[in-house]
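Just follow the structure's listing: the first ligand is 1, and inside any ligand the first atom is 1.
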Amino acid sequence: MSRSALVTGASKGIGLGIATRLATLGYGLTITARDSEKLEVVAEGLRSAGSPDVAVVAGDMADEEFATELVAAHGDRFGSMRALILNAGVGTSGSVADYPMRRFDKTVAVNLRTPFALLQASLPLLRTAAGADRDGGAKVIALSSLTGVYSESGLAVYGATKAALISIVEALNAEESGNGVCATAIAPGYVDTDMAAWIHDQITPDTMIKVDDIVELVDGLLRLSARAVVPKVVMTRAGTDGYRA
Ligand code: NAP
């Protein structure tokens with residue numbers, strides 16, 4: 001059975017970086033985001049980078065039903081899933097005092113509800129991959145955030161969704177790691193992508209974590225044997241006290 005991965009938010013930023021590395025490692029890939037045209041261009045690049053097969057499934061992570069469709073497409077194509085990369089997310093800000101509930105619902109749907117539904121739907125495929133490779137197992141990587149570990153003013157809801165991801169990852173490890181499905185939540189400070197552009201006037205891109213730093217970490221985590229569990233990795237920006245993104 002060849003190795004395959006499903007990467008959400010693969011059209012740019014961290015997700016694109018991870019998908020590209022997985023392609024060079026020879027993974028079959030299902031990639032997703034909303035913009036299907038952009039995904040088709042990315043898919044071509046991933047094939048050139050070494051992926052034997054790339055499936056494009058465009059959709060909105062705000063729609064929980066999409067999780068079922070996405071995993072079904074991956075299962076039909078690849079039959080198992082060695083890695084699930086829960087990367088897509090929306091960065092929203094607003095104070096507790098006046099955060100609009102519509103924005104709350106959207107942030108929770110994209111960052112937490114659909115990723116959970118995706119994880120749930122993917123478990124049979126992850127277990128199949130873990131059963132076929134007892135040494136390496138299967139892996140789940142979730143992009144959390146430093147704000148999910150240390151709260152920040154203006155990021156209550158975003159941070160809450162990211163904290164919840166860490167909690168789900170830990171519970172998943174308790175339930176599934178004995179059978180080879182291990183998960184890690186990565187909690188970085190600001191990473192130099194479009195998502196962090198809004199704060200360039202205060203934090204310049206050249207002081208942000210590089211996408212490649214996250215990619216190296218993911219690569220290393222995927223190489224670990226099924227005997228080792230790394231529940232959470234906190235990655236902070238050099239030159240900070242490590243408590244602020
Ligand atoms: P990015 O450059 O903005 O990329 C986000 C990706 O997610 C894109 O592929 C985007 O594609 C997709 N996406 C966004 N909303 C979506 C939706 N509703 N449905 C489906 N796909 C959607 O962001 P990034 O910086 O790479 O962030 C990746 C992850 O890292 C996120 O979970 C983020 O919270 C986390 N993170 C980022 C930072 C940072 O400073 N950049 C720090 C800590 C954690 P479409 O727009 O085409 O849908």
Identify the protein heavy atom lying closest to [atom], giving its residue, its atom name and the separation to 0.1 Å.
atom: atom 15 (N) of ligand 1; value: Arg34 NH2, 3.2 Å
atom: atom 47 (O) of ligand 1; value: Asp35 N, 3.2 Å
atom: atom 31 (C) of ligand 1; value: Asn87 O, 3.1 Å
atom: atom 39 (C) of ligand 1; value: Val191 N, 3.4 Å
atom: atom 21 (N) of ligand 1; value: Ala33 CA, 3.7 Å
atom: atom 9 (O) of ligand 1; value: Ser11 OG, 2.6 Å
atom: atom 12 (C) of ligand 1; value: Gly9 CA, 3.7 Å
atom: atom 18 (N) of ligand 1; value: Asp60 OD1, 2.8 Å

Is there side-chain contact between [X] and [Y], with heavy atoms separated by less than 4.5 Å?
X: Thr204; Y: His200; value: no
X: Arg21; Y: Glu216; value: yes
X: Leu224; Y: Leu221; value: yes
X: Lys106; Y: Asn111; value: no

Ignoring hydrogens and geometry beyond distance, is a side-chain donor-acceptor pair present between [X] and [Y] at under 3.5 Å?
X: Thr240; Y: Tyr190; answer: no
X: Tyr27; Y: Arg82; answer: yes
X: Thr92; Y: Thr107; answer: yes
X: Tyr99; Y: Ser93; answer: no

Decide if atom CZ of Arg134 counts as having more than 12 heavy atoms of other residues, nucleotides or ligands within a radius under 6.0 Å. no

Distance-minimising heavy-atom pair for Pro188 and Ile209: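 Distance-wise, the nearest heavy atoms are CB-CD1, 4.1 Å.
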
Could you report the tightest heavy-atom contact between Ser122 and Met81, atom names first, then the distance?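 Shortest heavy-atom contact: OG-CE, 3.4 Å.
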
Does Arg102 count as lying over the ring of Phe104, i.e. NZ or CZ under 6.0 Å from the six-ring centre, within 45 degrees of the axis?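 Here Arg102 fails the 6.0 Å and 45° test against Phe104.
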
Provide the number and element of each atom of ligand 1 under 4.0 Å from a heavy atom of [X].
X: Ala196; value: 40 (O)
X: Ala88; value: 7 (O), 32 (O)
X: Leu143; value: 29 (C), 30 (O), 32 (O)
X: Tyr190; value: 40 (O)

Sub-4.0 Å heavy-atom approach of [X] to ligand 1:
X: Ser144; value: yes
X: Tyr158; value: yes
X: Ala58; value: no
X: Gly91; value: no
X: Gly189; value: yes
X: Lys12; value: yes

Between [X] and ligand 1, find which residue part has any heavy-atom pair under 4.0 Å and reply side chain, backbone, both or neither.
X: Val90; value: neither
X: Thr193; value: side chain
X: Lys162; value: side chain

Using the side chain to side chain contact (heavy atoms under 4.5 Å, CB included) definition, which of the options Ile186, Thr184, Ile141 pairs with Leu217?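 Of the listed options, the one satisfying the test is Ile186.
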
Option set Ile14, Thr92, Ile186, Val42, criterion heavy-atom distance to atom 30 (O) of ligand 1, minimum: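 Residue with the shortest heavy-atom distance to the ligand atom: Ile14.
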
